[in-house]
Trainee: 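Structure in structure tokens, see below.
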2 protein chains.
Amino acid sequence: MDAVDRNILAELQMNGRISITELASRVRLTVSPTHRRLRELEESGVIRGYRAALDPEALGLKFEALLFITMREANHETLVRFEEAAAAIPNVLEAQRLFGEPDYLVRVVSEDLAAYQRLYDEQLTRLPGVQRVASTLVMKHVVRERPLPL
Amino acid sequence: MDAVDRNILAELQMNGRISITELASRVRLTVSPTHRRLRELEESGVIRGYRAALDPEALGLKFEALLFITMREANHETLVRFEEAAAAIPNVLEAQRLFGEPDYLVRVVSEDLAAYQRLYDEQLTRLPGVQRVASTLVMKHVVRERPLPL
DNA sequence: GCTGAAATATTATAAGG
DNA sequence: CCTTATAATATTTCAGC
């Protein structure tokens with residue numbers, strides 16, 4: 001992992017679909033070493049994959065909410081059950097276990113308010129082991145999909 | 001935006017760097033219409049771009065924290081100043097303005113506890129307009145980088 | 001809107017310093 | 001660890017249905 005590798009990673013965080021030819025010219029190297037470096041970054045796991053970044057609004061997903069979840073108990077089985085149930089809901093884009101309270105932060109998207117209400121009543125508030133759900137809507141993305149600092 | 005387009009989007013959310021040839025075979029179409037559809041999805045803005053997904057741990061970024069920020073005032077100028085200052089910190093990966101309290105959720109990464117402490121004392125707590133910062137560490141990612149539900 | 005095909009460009013590998 | 005060279009693939013465009 002030298003400066004060239006970091007350069008490659010920076011380019012691919014901005015545009016993950018440029019050709020190796022283009023990538024090579026941006027990092028000022030010929031194609032073969034660029035290719036070799038890229039394979040090594042992929043195989044070592046530094047690059048976990050490539051994702052198309054979609055626009056949720058353009059797909060009709062206009063509602064984004066955050067849920068702050070406090071669990072009734074914090075034993076292993078309760079947490080595993082909750083995590084599996086949360087992961088099974090497609091609208092759940094992200095979920096993290098936190099230190100302290102609340103126990104979890106969960107991010108969800110939905111089409112509109114009506115869809116969110118249904119999701120909330122029928123699925124989110126019924127997740128197993130939950131004591132309390134506090135939720136808030138996202139008004140605006142101030143910083144989004146920022147590349148990792150290298 | 002028909003079923004084939006949604007299929008294309010689903011594939012590219014999983015692997016954003018597959019060739020059009022491979023993509024075409026996965027969506028059971030020949031190359032040229034796949035190519036045309038992809039271009040249209042890109043040009044219409046449904047696909048905002050492609051990103052390499054990096055492993056923060058592999059890059060030595062082992063600390064991830066969430067900051068819940070309450071502002072002293074909520075007038076336009078105060079908020080703009082805060083948002084620009086937050087966006088200028090490379091460790092800030094994500095920031096959102098919320099309805100209600102707190103006003104902002106900010107996600108940051110850093111190398112380790114010492115680096116986080118410095119970041120917190122020297123930059124995060126000094127963001128302009130802030131009344132209160134509550135922060136918590138991320139223990140574990142339960143759901144990460146989930147594709148959007150199509 | 002799709003198919004098939006042709007010209008151009010890229011990828012992946014190997015030989016050699 | 002790089003450069004150059006080469007064969008195999010892929011991209012991009014277009015004529016025709």
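Scope of the values below: all heavy atoms of this structure, side chains included, with no hydrogens, waters or symmetry mates. The sequence lines fix the lettering, A, B, ..., with proteins before strands; numbering per chain opens at 1.
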Trainee: Tell me the interatomic distance from A:R36, atom CZ, to D:dT4, atom C1', rounded to whole angstroms.
Mentor: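 Taking CZ of A:R36 and C1' of D:dT4, I get 16 Å after rounding.
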Trainee: Check the hydrophobic clustering (I, L, V, M, F, W, Y; side-chain heavy atoms under 4.5 Å; chains of links allowed) and say if A:V108 and A:L54 are grouped together.
Mentor: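 The answer is no; the residues belong to distinct hydrophobic clusters.
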Trainee: With sequence neighbours excluded, tell me which residues meet ring pair (Phe, Tyr, Trp, His ring centres under 6.0 Å) with B:Y50.
Mentor: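 If we apply the ring pair (Phe, Tyr, Trp, His ring centres under 6.0 Å) test to B:Y50, skipping adjacent residues, there are no hits.
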Trainee: Roughly, in whole Å, what's the span from CD in B:E22 to P in D:dT11?
Mentor: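 Atom-to-atom, B:E22 to D:dT11, this comes out as 10 Å.
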Trainee: Within the 3.5 Å criterion, strictly below it, is a donor on B:E73 or B:N75 matched to an acceptor on the partner's side chain?
Mentor: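 Result is yes, a qualifying pair exists.
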Trainee: Can you tell if the side chain of B:T136 reaches within under 4.5 Å of the side chain of A:L105, non-hydrogen atoms only?
Mentor: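 No - every pair of side-chain heavy atoms lies 4.5 Å or more apart.
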Trainee: Using chain A heavy atoms and a threshold of under 4.0 Å, write down where along DNA chain C the contacts begin and end, 5' to 3'.
Mentor: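 Span of nucleotides near chain A: C:dT10 to C:dA14.
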Trainee: Taking B:T78 for the side chain and B:A74 for the main chain, is one N or O donor matched with an acceptor at less than 3.5 Å?
Mentor: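 Here the side-chain-to-backbone pair does not exist.
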Trainee: Under a 4.5 Å cut-off applied to non-hydrogen side-chain atoms, are B:D103 and B:L79 in contact?
Mentor: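 No, their side chains stay 4.5 Å or more apart.
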Trainee: Where the side chain of A:P33 is concerned, which of D:dT3, D:dC1, D:dA10 is the nearest nucleotide?
Mentor: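 When the side chain of A:P33 is considered, D:dT3 is the closest of D:dT3, D:dC1, D:dA10.
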Trainee: Output a table of nitrogen or oxygen pairs between the protein and nucleotides 6-9 of chain D separated by less than 3.5 Å.
Mentor:
none

Trainee: Distance-only check: which donor-acceptor pairs under 3.5 Å involve side-chain atoms of residues 137-150 of chain A, not counting sequence neighbours?
Mentor:
from   : atom 1 : to    : atom 2 : distance (Å)
A:K140 : NZ     : B:E83 : OE1    : 2.7
A:H141 : ND1    : B:Q96 : NE2    : 3.4
A:H141 : NE2    : A:E64 : OE1    : 2.9
A:E145 : OE1    : B:R51 : NE     : 2.8
A:E145 : OE2    : B:R48 : NH1    : 3.1
A:R146 : NH1    : B:I89 : O      : 3.1
A:R146 : NH1    : B:V92 : O      : 3.4
A:R146 : NH2    : B:A87 : O      : 2.2

Trainee: Do B:I47 and B:L38 make a side-chain contact, defined as non-hydrogen atoms from C-beta onward lying under 4.5 Å apart?
Mentor: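 They are in side-chain contact.
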Trainee: Any link between A:V109 and A:V106 through a network of hydrophobic side chains (Ile, Leu, Val, Met, Phe, Trp, Tyr) touching at under 4.5 Å?
Mentor: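 In one cluster: no.
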Trainee: Would you mind telling me which of B:Y120, B:Y104, B:F68 makes a side chain to side chain contact (heavy atoms under 4.5 Å, CB included) with B:V133?
Mentor: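 With B:V133 as partner, B:Y120, B:Y104, B:F68 yield a single side chain to side chain contact (heavy atoms under 4.5 Å, CB included), made by B:Y120.
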Trainee: B:E42 has an atom CD; how far is it from atom P of D:dT11, in whole Å?
Mentor: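 Result: 12 Å.
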Trainee: Toward the 5' end of DNA chain C, which comes first, B:R17 or B:D2, by nearest nucleotide?
Mentor: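 Nearer the 5' end of the strand: B:D2.
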Trainee: Tell me which residues in residues 44-54 of chain B lie within less than 4.0 Å of DNA chain D, going by non-hydrogen atoms.
Mentor: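 Hits under 4.0 Å, by residue number: none.
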Trainee: Salt bridge between B:R26 and B:E22, side-chain N to carboxylate O under 4.0 Å?
Mentor: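 Salt bridge: yes.
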Trainee: Do the non-hydrogen side-chain atoms of A:Q131 and A:M71 ever get within less than 4.5 Å of each other?
Mentor: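 Sidechains of A:M71 and A:Q131: no contact.
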Trainee: Answer yes or no: are there more than 12 heavy-atom neighbours, outside A:R36 itself, under 6.0 Å from its atom CZ?
Mentor: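 Correct, the count exceeds 12.
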Trainee: Provide a list of protein-nucleic acid N or O atom pairs under 3.5 angstrom, restricted to nucleotides 12-17 of chain D.
Mentor:
from   : atom 1 : to    : atom 2 : distance (Å)
D:dT12 : OP2    : B:H35 : NE2    : 3.0

